[in-house]
Structures are given as structure tokens and as C-alpha cells.
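Here is the structure we will look at, set down as C-alpha cells.
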Number of protein chains: 2
Amino acid sequence: MATIRDVAKTAGVSIATVSRVFNGNTAVSEDTATQVWTAASALDYWPNGAARSLTTSRSNTLGVLLPDLYGDFFSEVIRGIDQLAKREKYQTLVSGSHASVEDVLIATRAMRGRIDGLVMMAPDSITVESVTKIRRRLPVVLISPPFAVDGCSSVSIASFSGARAVVAHLVGLGHREIAMVAGPAGNVDAEERLRGYHRGLAEAGIPPRAELVVQGDFRESSGYAAAAALLDRRPRPTAVFAANDCMAIGLMSALGNAGLSVPHDMAVVGFDNITMAQYMRPPLTTVHVDAYALGQKAVRLMLDILSDPEGEKVTVQTIDVVLKVRCSCGAKPAVATNTMLGAEADQ
Amino acid sequence: MATIRDVAKTAGVSIATVSRVFNGNTAVSEDTATQVWTAASALDYWPNGAARSLTTSRSNTLGVLLPDLYGDFFSEVIRGIDQLAKREKYQTLVSGSHASVEDVLIATRAMRGRIDGLVMMAPDSITVESVTKIRRRLPVVLISPPFAVDGCSSVSIASFSGARAVVAHLVGLGHREIAMVAGPAGNVDAEERLRGYHRGLAEAGIPPRAELVVQGDFRESSGYAAAAALLDRRPRPTAVFAANDCMAIGLMSALGNAGLSVPHDMAVVGFDNITMAQYMRPPLTTVHVDAYALGQKAVRLMLDILSDPEGEKVTVQTIDVVLKVRCSCGAKPAVATNTMLGAEADQ
DNA sequence: TGAATTTATGAAACCGTTTACATCGTGCTC
DNA sequence: GAGCACGATGTAAACGGTTTCATAAATTCA
């Protein structure tokens with residue numbers, strides 16, 4: 001394995017000069033530079049990353065922590081992260097499946113000295129203290145954090161606005177008995193969607209009925225199970241809002257088995273707009289979340305911090321969502337408009 | 001940022017001792033060890049990865065190169081890779097979207113000194129030379145390589161067997177005029193599936209009709225476009241095998257628009273078994289590919305090489321595929337069996 | 001032409017670890 | 001009680017780069 005010394009010897013210069021050439025330092029004559037390049041390519045030399053980051057204490061690598069790597073959503077987030085990072089000459093050290101706070105701390109510890117910053121979608125159980133602890137050593141940008149951390153930038157999904165719009169849309173179609181299949185307790189987006197649901201009802205002057213909210217866990221099976229519970233309610237709901245598409249799909253399948261037709265007997269709306277949503281029969285009305293943009297935005301924030309660590313200004317951004325009206329809600333898609341729902345409406 | 005020296009000073013020992021403690025070296029008395037641990041946790045110390053890999057020339061990191069990070073398939077591959085790597089205390093340095101050979105070389109170069117091995121799903125245009133060049137510095141395991149590289153381990157998909165089984169299945173249902181929407185030229189799996197299709201026909205004694213093979217590019221739109229072409233053929237095919245599910249889905253959608261019913265007027269079969277396949281109406285008969293296992297197996301091979309670089313034995317593995325009989329082919333799923341199609345049948 | 005400035009290059013310190021080798025007690029053996 | 005083996009610890013040399021500072025050569029300027 002050729003080192004900088006080998007190249008220096010071959011090119012007949014000092015190692016300092018070789019280093020200068022590889023770092024684009026101008027204080028090197030053109031002749032010398034070409035000699036160095038020739039020697040380097042002859043030896044197939046390229047600076048050793050570890051050695052380089054040891055001296056510079058820069059790795060040009062971003063750490064990426066995700067609770068899981070499963071499914072449409074996360075893969076899009078990663079894609080957004082990877083693509084922007086790559087364009088800006090950063091590498092990405094990825095790690096998935098971090099269920100506990102302990103897990104997260106171990107993972108960040110293992111990354112020590114290898115990354116310049118951490119883009120993290122933390123598990124729901126994460127605490128302010130642990131984030132603070134990590135931030136003492138590294139810039140951190142959070143994706144969809146369950147809480148605000150003082151001085152920490154983050155990017156979130158406009159879950160609240162989206163949910164509120166769903167309810168408003170259903171009300172507009174004439175529904176009054178609107179049920180919800182909620183996401184797991186403790187998950188921010190689940191809770192924000194629930195909050196948006198309640199707000200939507202309130203704004204329509206519909207008194208909330210607690211028995212119309214069924215607990216789910218974001219998985220298809222819990223959507224399936226929710227159907228049975230909801231069909232027992234009297235008066236029976238005429239519309240159901242599921243906190244994500246997976247549960248909506250499970251729900252629709254259960255409704256189908258129960259002999260009900262969607263949207264005629266029951267309107268269904270989901271959240272996330274996973275690829276499958278448009279292929280359902282009927283196509284699922286849902287709220288589109290741009291996961292790719294989510295990842296990109298997080299990296300953009302991180303790069304801003306890295307380019308000027310002193311001037312780090314806390315930025316709490318929100319990714320807009322879009323109501324995708326299809327058929328499962330009973331509206332005529334051609335008539336409906338896809339409204340963008342931004343953060344400005346989030347309170 | 002606390003270094004090993006700070007810990008040594010606080011604990012009242014030398015840096016060698018601290019290092020020993022962190023590396024599980026036994027030649028340290030219990031008392032000293034606890035002192036070191038206390039000092040370390042008080043200072044929130046953990047060894048710097050870059051420095052460590054500089055001295056040991058081991059990074060405990062696997063490089064992962066993929067042509068893209070988009071969609072079901074790749075995300076599952078990554079998940080398989082990440083999960084096994086994590087379990088074995090390896091990190092993963094991921095990089096997607098490498099369209100050209102040049103791209104790949106740049107990426108591997110940038111990883112120099114940061115990774116112990118490279119798991120790569122190369123672009124179709126990759127050459128033997130470039131792989132050889134990379135292998136001079138690093139162990140490499142290829143995923144679905146377009147060719148065999150001397151002495152290089154790899155994991156592939158049993159595309160040939162799968163395709164052959166699809167044709168056999170269709171023939172068993174009574175079809176004789178079987179069309180195919182092929183994948184992009186130059187892609188191994190596309191070509192293997194085409195080869196399997198031809199073999200399947202041959203084994204059934206059906207003479208191939210060149211005009212029944214339509215070129216696609218693995219994308220939905222090309223499947224959609226293929227429908228028009230195939231409906232013009234006389235005699236009209238009664239079944240179509242698409243080289244992947246995306247194209248099959250596009251095809252079905254076009255057939256629907258043309259007023260044909262699947263499977264009654266035309267049987268359709270795909271390949272990959274993406275999540276969506278089972279939610280199609282009718283559910284899509286397809287060949288299941290375990291992308292997660294693909295990623296896992298690649299990492300397993302890499303770990304074997306790393307644990308004993310001398311004893312590197314070339315292993316060319318194949319991931320079995322399974323024919324998933326659903327409704328789009330016209331068979332009664334209850335009757336059909338899901339046969340596992342292994343590498344042993346690949347010739 | 002000589003001093004002042006600029007430009008190109010080299011020498012050496014340093015980054016934070018690991019590890020080979022040296023050192024120093026301590027308890028055993030004969 | 002000298003000699004020895006052994007266990008616990010320290011010293012110092014790598015590892016492969018970057019960067020500060022010094023220096024020699026080339027250029028500018030009066």
C-alpha cells in the first residue's frame with residue numbers, strides 16, 4: 001500500500017509537497033504538481049482517510065441514525081440524505097435499528113472520530129439528556145424529534161396540519177361521525193396526527209366521541225383489528241382516518257371482508273402516501289409526505305452548521321404535506337384540489 | 001475532547017494501560033481497570049476511531065456501494081447488510097447512485113483507509129479491470145455481478161431458475177402463446193430472466209416467437225407501453241411474463257384501460273415480489289426474491305474473508321427464489337404450491 | 001546592484017491510538 | 001538467599017497524513 005512517503009520519493013519531492021498537491025494548495029509549481037500526480041497515479045496512491053481525519057479532525061462523513069431501515073419511508077429518507085451528502089462530498093455512515101436510548105449512545109460512541117455530525121431520527125424513547133450529551137461532542141440534527149431540544153436544529157413533518165386537513169376534507173364531504181385509528185402512544189407524529197384530528201373536529205363544531213378513537217401501532221394488523229371495534233360503535237362512524245397508510249390498508253381489507261364497500265359504506269383516509277396507496281382498490285386518499293425532502297433538508301441543516309459552527313442558528317423546520325384526494329374518501333378526485341399544508345398553519 | 005492521555009492522568013496510570021483496558025487485554029489488575037473505567041466515564045472518554053484504525057489498519061467498517069437506493073428492493077438489501085454488520089460489530093459506510101465505472105472508482109478511493117472491505121452491487125457497465133483494481137487493495141464481495149471475476153466472491157439471484165419456472169407454470173395452465181417484457185439490455189438479471197424464459201419455452205417444446213419479446217427498462221411506464229405492442233401480435237399472446245413487478249403492474253394497468261381482464265383475457269406474471277404485488281387487483285403472481293437474505297449473505301461472505309484473509313476461498317452463491325402463485329396468472333392459489341427454485345437447477 | 005519581497009519547497013512537530021520491548025516487584029524453587 | 005519466572009505496568013516508536021515555520025531561490029524595486 002503506497003503511502004505519501006512513497007509518492008514523495010518517486011516524485012523526488014518532500015511529503016509536504018505531495019500533501020499540498022492533494023489538497024489543492026496553490027503554492028506549488030505546475031511542474032512539481034504534474035510530477036506528483038504522475039507518481040501518485042503510477043503507485044495508485046490516494047490519501048488514507050483515517051490518517052487524514054486524525055490530523056484535521058475532519059472526516060467529511062455524516063453519521064446517520066435511524067430507528068429502522070424498513071419500508072418505503074425510511075428508504076426515501078436515506079436516499080435524500082445520501083444524495084445531498086454525496087453531492088457535497090460527504091460520506092454517510094449509516095446505522096439502523098436503534099430501539100433504545102442505550103442503543104443510540106453506543107452507536108454514537110462507536111462513531112467517535114469518524115463523523116463530523118449526526119443526523120438522527122431517534123427512537124420515541126429518546127431523552128433530552130441523551131441528545132444533550134451527544135451534542136456536547138458533535139453537531140446534531142434531529143428528524144421528527146419527539147420534543148424540542150434547546151439549541152438543536154430539527155426537521156419535522158407537518159403531521160398536525162395534515163391530519164386537520166383530512167378531517168376538514170371529510171367534513172366537507174358531509175361526514176360527521178369520523179373515527180380515527182391512532183398511532184402508537186409516545187410517537188410524535190402519531191400524537192400530532194391525533195391532535196390534528198381533534199382540532200379538525202373542533203373547528204367543524206363536532207363534539208369528539210372518545211370511543212371513536214381506536215389505538216393502533218402503525219402496522220397493518222392493527223388497522224385490520226381496528227375495523228371490528230369501530231363497526232360496533234353506535235352511531236356507526238361513516239368515515240375513518242388512519243394515522244398511516246399501512247393501518248388504512250389493513251382497515252380496508254377488514255372492511256372488505258365484513259362485506260362493506262369503501263367509500264360507499266365507509267370512507268377511509270390514510271397518511272404517508274406510500275407507493276402502494278395509489279394501487280389500492282379503491283385508490284387510497286392520503287396525505288403525501290416527502291420523505292426524500294425530509295432527508296435532504298436535514299443534511300442541508302447539518303452542512304450549514306458544519307460550514308460555520310460558530311454561527312449555528314437553531315432552525316426548526318417543517319416539511320409540508322399534501323392532501324392526495326383519491327377515491328377511498330368518496331370524493332371525485334378530478335374535482336378535488338391537492339392543497340399544500342405548511343408549517344405556518346401548525347398552531 | 002478527552003484523549004487517552006487525559007484518562008491516563010486522571011486514573012494515575014500510563015496510556016498503555018488505558019489502551020489495554022479498552023481492548024480487553026487481561027494483563028491489567030482488576031483495581032487498575034476499575035480506576036481506568038471510572039476516569040473514562042467521568043471524562044466521557046471513548047477511543048477515537050480514526051486514530052485507532054490508523055494504528056491497527058482496521059476500521060471495523062464495511063463499505064457498501066449500490067447503484068441506487070431507490071425502492072423496496074435496495075432498501076431490503078441495505079437492511080440485510082446493516083443488520084448483520086451491526087450484530088458483528090461492524091459499521092456500514094453506504095453510498096448510492098453510482099451510475100458509471102468512474103463513479104465507483106472515485107467512491108472506493110474516497111473510502112480508502114476507512115473500510116475493511118467492500119460489498120458492492122456494481123452498475124451494469126462495470127468492467128473486470130476495475131473490480132480487479134479495487135481488489136488489489138480491498139476484499140470485495142459482489143452482489144449480482146454481470147460477470148464472474150476471478151477469485152472474487154459473489155451472491156446472485158436465481159433469476160434463470162425463476163424465469164424458467166414461471167414459463168413452466170404458465171405452460172401447465174395451458175398457455176402456449178407466452179410473451180415477455182424484458183428488462184434493460186446489459187443488466188444481468190434481465191438477461192438471465194430472458195434466458196430462463198427461452199429455456200422454459202424450449203423445455204415445453206414451444207417454438208420461440210421473437211415478436212413476443214418486447215424490450216422494457218424495469219420501469220412501470222415501459223410495462224404500460226409494452227401492452228399496446230403485445231396486443232397487436234397475431235396470434236395474440238394469452239400470457240405475459242414481465243421481468244419485474246413494476247413492469248407487470250404497468251402492464252396490468254394498460255390492459256385494464258384496454259378493457260381486458262386479468263387473468264381471464266390475459267395472464268400476467270412478474271418478478272421480485274415487491275410489497276405492492278400482493279395488493280394488486282388481482283394479486284400479482286410473481287417470483288419472490290429475498291433481498292434481505294441477499295444483503296445478509298454478502299456480508300456473511302465478507303466477514304468470512306475478513307476473519308481469515310489468507311484462507312479466502314472464492315464463493316459464488318445464489319439466493320433461491322420462490323414462485324408465488326396468486327391470481328393474476330389464472331391459477332387457483334389454494335391449489336398451487338410455492339416451489340423453491342435453487343441454484344442447483346441453474347444450468 | 002543590493003535590499004526587500006515573494007514564491008516554492010523542506011524539516012519537523014503533531015494528531016490519538018496500539019504495541020513491542022523494557023522494567024520492576026513478588027513469590028517460588030532449590 | 002540467589003536465581004527465575006511471571007504478572008503488571010511504563011516508555012517510546014510507529015501508523016500516514018497536515019501544517020507551521022524556516023529557508024533558499026527568484027523576482028521586484030529603487
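Reminder, nothing fancy here: chain letters follow the sequence lines and each chain counts from 1. Given the structure is predicted, the values throughout are model-derived calculations rather than measurements.
Counting any heavy atom pair closer than 4.0 Å across all strands shown, B:T32 reaches sugar-phosphate atoms only and no base atom.
Between C:dC15 and B:T3, no contact under 4.0 Å exists linking OP1 or OP2 to a side-chain N or O. The phosphate of D:dG17 (OP1 or OP2) has no side-chain N or O of A:S53 nearer than 4.0 angstrom. Under 4.0 angstrom from either OP1 or OP2 of D:dT18 there lies at least one side-chain N or O belonging to A:N23.
Side-chain atoms of B:D116 come within 3.5 Å of backbone N or O of B:N60 as a donor-acceptor pair. Side-chain atoms of A:R135 come within 3.5 Å of backbone N or O of A:G151 as a donor-acceptor pair. Looking at A:D82, its side chain never comes within 3.5 Å of a backbone N or O of A:I78 through a donor-acceptor pair. Distance alone, capped at 3.5 Å, is enough to place a donor-acceptor pair between the B:T132 side chain and the B:V128 backbone.
Regarding B:R52, its CZ atom lies at a distance of 9 Å from the C1' atom of C:dT18, rounded to whole Å. Atom pair B:R58:CZ and D:dA14:C1' shows a separation of 19 Å (rounding to whole Å applied). A:N60 places its CG atom 14 Å from the C1' atom of D:dT18, with the value rounded to the nearest Å. Counting to the nearest Å, the C1' atom of C:dG16 and the CZ atom of A:R114 are 13 Å from each other. As a whole-Å value, the separation of A:K9 NZ from D:dG17 P is 14 Å. Here C:dA11 presents its P atom at 12 Å from CZ of A:R5, a figure rounded to the nearest Å. What separates CZ of A:R112 from P of C:dC15 is a distance of 18 Å, to the nearest Å. One can place CG of B:L54 at 8 Å from C1' of C:dT17, the figure rounded to the nearest angstrom.
The side-chain heavy atoms of A:V18 and A:V13, taken from C-beta on, include a pair separated by under 4.5 Å.
Set against C:dT17, D:dG16, D:dT9, the side chain of B:T55 has C:dT17 as its closest nucleotide.
Within the helix from C:dT1-D:dA30 to C:dC30-D:dG1, the inter-axis angle between the opening and closing five-pair segments is 40°, rounded to 10°.
From A:L69, atom CG reaches atom OG of A:S97 across 6.5 Å, with rounding to the nearest 0.5 Å.
Partners of B:F22 under the ring-ring contact (aromatic ring centres under 6.0 Å, His included) rule, at least two apart in sequence or in another chain, are B:W37, B:Y45, B:W46.
Using a 4.0 Å cutoff on non-hydrogen atoms, the parts of residues 12-22 of chain A near DNA chain D are A:I15, A:A16, A:S19, A:R20, ordered by number.
Side-chain atoms of A:T10 and A:D6 include no donor-acceptor pair closer than 3.5 Å.
Atom CG of B:D150 sits in a sparse spot, with 12 or fewer heavy atoms from other residues, nucleotides or ligands closer than 6.0 Å.
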